[in-house]
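Here the structure is a predicted model, which is why all the values come from computation and not from measurement.
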Amino acid sequence: MPRPALRFVPALLVLLCAMPAVPAGAVHTGQPQSTRLDVGSFTISVGGQRTGREQFSVQRVESNDGGTIEVRSESAVGDTRTAVRLEADSAGTPVRYSIEARRGTEQILRLGGQRVRGRFATLARSVTGEAAREYLLRPGAVVVEDDGIVQYALLVRGRTLAEGEGLTLPSLTPVANSQGAVRVVLEAAHDVVIIAGARRDARRYRIVTDAGEVRMLWAEADGALLRLRIPARGLDALRDDVPR
């Protein structure tokens with residue numbers, strides 16, 4: 001179970017949560033050390049009916065403290081709009097994280113998190129109030145939320161698995177205030193996904209969350225995401241254009 005937050009954490013995270021959400025397509029100026037890895041969008045369907053869309057970008061950011069992978073997304077599903085920014089180290093472990101969700105004009109969630117001396121501290125404000133939490137960051141820990149598509153880029157990018165092999169990673173689900181583990185298995189090293197009428201070679205992964213929910217993921221060899229399916233929800237997210 002998550003441990004209570006340290007006393008210094010809320011003051012630190014109030015500043016983090018006050019940062020404005022940045023659109024997924026935003027470009028960092030004056031940062032030549034940033035390298036774009038992927039950018040695009042997904043159309044999200046449930047039960048065969050289109051329900052929303054997610055735009056995203058993935059980039060590598062070099063700094064004096066070492067490189068990080070930065071994932072940003074903006075999604076609209078029904079009347080809920082969500083903006084996410086996740087920075088992680090080379091293992092996919094979070095360094096900084098923020099998420100803001102609105103339903104119509106009402107802000108229903110604002111959460112910020114940051115790595116602090118081997119732990120990950122979060123502060124969340126929602127319609128039910130404010131809560132600060134702290135999690136022990138186990139080696140290789142990754143963020144796996146119940147919703148969102150592009151977060152899975154950090155589960156498969158840079159992983160070396162043979163067909164049929166898998167690995168278990170510690171997981172954090174800050175929105176639900178929980179932590180556990182996620183299982184990632186490479187089911188097929190060679191599969192095909194049709195993107196905008198074009199056939200794309202893909203690797204097919206089977207992902208099982210701590211709650212036991214199965215999520216099927218297709219990605220190119222370099223980790224570019226192509227498709228996500230969650231059979232239990234009837235959800236299918238398909239990329240709109242081929243990676244460039």
Q: Using salt bridge (Lys or Arg N to Asp or Glu O under 4.0 Å) as the criterion, list what pairs up with D201, not counting sequence neighbours.
A: none
Q) Ring centres of Y152 and Y205 under 6.0 Å apart? A) no
Q) Is there a donor-acceptor pair under 3.5 Å between the side chain of D210 and the backbone N or O of V182? A) no
Q. Just by modelled atom types, is the R110 backbone N or O under 3.5 Å from a matching donor or acceptor in the E100 side chain?
A. no
Q) Would you say the side chains of T68 and D89 form a donor-acceptor pair under 3.5 Å? A) no
Q. Does R157 use its side chain to pair, donor to acceptor, with the backbone of D222 at less than 3.5 Å?
A. yes
(Q) Any heavy-atom pair between the side chains of R215 and T209 that's under 4.5 Å? (A) yes
Q: May I have the step-by-step check of side-chain contact (heavy atoms from CB on, under 4.5 Å) for T122 and Y135, ending in yes or no?
A: CA-CA 8 Å; T122 66; Y135 308 88; 3.9 Å; yes
Q) Do T168 and R183 have a side chain donor and acceptor closer than 3.5 Å? A) yes
Q: Evaluate side-chain contact (heavy atoms from CB on, under 4.5 Å) for V127 paired with E106, printing each intermediate quantity in order.
A: CA-CA 9 Å; V127 293; E106 179 187 16; 3.5 Å; yes
Q. With a 4.5 Å heavy-atom cut-off, do E74 and F56 have their side chains touching?
A. no
Q: Look only at the side chain of R239 and the backbone of I194, and say whether a donor-acceptor pair between them is shorter than 3.5 Å.
A: no
Q. Any donor and acceptor pair, going by atom type alone, linking the side chain of Q49 with main-chain N or O of V46 inside 3.5 Å?
A. no
Q.
Between the side chains of E220 and R203, is the shortest nitrogen-to-carboxylate-oxygen separation below 4.0 Å, so that they form an ion pair?
A. no
Q. Does a side-chain heavy-atom distance below 4.5 Å link R200 with V242?
A. yes
**Q.** Distance-only side-chain donor-acceptor flag, T128 / S126, under 3.5 Å
**A.** yes
Check residues 136-147 and write down every donor-acceptor pair under 3.5 Å in which the side-chain atom is one partner and the other belongs to a residue at least two apart or another chain.
from	atom 1	to	atom 2	distance (Å)
R138	NH2	G180	O	2.7
E145	OE1	V175	N	3.4
E145	OE2	Y97	OH	2.9
E145	OE2	V175	N	3.3
D147	OD1	R233	NH1	3.2

Q. Do you see a donor-acceptor pair shorter than 3.5 Å between the side chains of R102 and T80?
A. no
Q | Name of the residue among V77, D240, I44 meeting side chain to side chain contact (heavy atoms under 4.5 Å, CB included) with R53 | A | D240
Q: Answer yes or no: is there a donor N or O on one side and an acceptor on the other, between the side chain of R229 and the main chain of V214, under 3.5 Å?
A: no
Q: Under the salt bridge (Lys or Arg N to Asp or Glu O under 4.0 Å) rule, collect the residues that match up with D241, sequence neighbours excluded.
A: none
Q: May I ask you to test the L37-E70 pair for a side-chain heavy-atom distance under 4.5 Å?
A: no
**Q.** R206, CZ atom: more than 12 neighbouring heavy atoms under 6.0 Å
**A.** no
